[in-house]
Amino acid sequence: MNYYSFHIGDYRGSTAHLDDAEDLAYRRLIDWYYDTELPIPLETQWVARRLRVGTQVLERVLKDFFTCEADGWHHWRCDQEISDYQKQRE
């Protein structure tokens, strides 16, 4: 996906507790997720380096907003939006 709808109120309501570094990590994770249309890889050090964020910050955000599964870190909203997009594309 090269575009996704950003719901400011939803985002602000869900992320008000984040510090600046965590907020940046979360936005970059979401962008990565939509760009690749895949879950975030399990290798957090590798992901942190690609996103240019600290590993501890990344792990806090992943545990807060994502679910760890065998194939990577999933985000329910991203998965839903990607599924809807792929159905429309077909």
Side-chain angles (χ1 to χ4, degrees):
M1 296 176 63
N2 55 12
Y3 168 84
Y4 64 91
S5 185
F6 183 76
H7 302 274
I8 297 167
D10 291 348
Y11 185 85
R12 191 177 308 150
S14 297
T15 62
H17 65 287
L18 299 180
D19 65 25
D20 289 344
E22 293 166 337
D23 184 52
L24 176 66
Y26 186 45
R27 286 299 304 270
R28 288 181 177 173
L29 282 165
I30 290 172
D31 286 349
W32 179 331
Y33 210 112
Y34 284 125
D35 185 42
T36 63
E37 299 181 28
L38 296 168
I40 303 298
L42 296 171
E43 301 171 34
T44 54
Q45 288 184 323
W46 183 81
V47 172
R49 180 146 172 80
R50 273 25 179 214
L51 296 179
R52 301 176 319 276
V53 299
T55 305
Q56 290 179 334
V57 169
L58 177 74
E59 289 175 355
R60 281 195 306 267
V61 172
L62 286 170
K63 289 176 184 173
D64 201 4
F65 294 99
F66 293 76
T67 304
C68 186
E69 297 183 21
D71 63 340
W73 291 91
H74 283 260
H75 188 282
W76 71 270
R77 177 92 177 244
C78 293
D79 286 339
Q80 182 62 52
E81 296 290 336
I82 291 167
S83 176
D84 292 347
Y85 168 76
Q86 290 172 342
K87 287 176 187 172
Q88 280 186 333
R89 189 174 56 190
E90 292 173 4

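Counted within 6.0 Å of CG on Asp71, heavy atoms from surrounding residues, nucleotides or ligands total more than 12; the atom is thus considered enclosed. Within 6.0 Å of the CZ atom in Arg49, the count of heavy atoms belonging to other residues, nucleotides or ligands does not exceed 12. Environment of CD in Glu43: sparse, with no more than 12 heavy atoms of neighbouring residues, nucleotides or ligands closer than 6.0 Å. By the neighbour-count criterion of 12 heavy atoms within 6.0 Å, atom CD of Gln45 is sparsely surrounded, having that number or fewer from other residues, nucleotides or ligands.
For Arg77 and Tyr33, the positive end is not near the middle of the six-membered ring at less than 6.0 Å and at most 45° from its axis.
Here the closest heavy-atom approach between residue Ala21 and residue Val57 is recorded as O-CG1, 3.6 Å. Between Val53 and Arg28, the closest heavy-atom pair is CG1-NH1, 4.1 Å.
Within the 3.5 Å criterion, the main-chain N or O of Gln56 finds no donor-acceptor partner in the side chain of Glu59.
Contacts of Asp84 classified as side chain to side chain contact (heavy atoms under 4.5 Å, CB included), with partners at least two apart in sequence or in another chain: Gln80.
Counting only heavy atoms from C-beta outward, the side chains of Leu58 and Leu29 approach each other to under 4.5 Å.
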- Working for side chain to side chain contact (heavy atoms under 4.5 Å, CB included), residues Val47 and Arg50: CA-CA 5 Å; Val47 172; Arg50 273 25 179 214; 5.8 Å; no
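Taking the six-membered ring where tryptophan is involved, the planes of His75 and Tyr26 are tilted, since the angle between them lies from 30° to 60°.
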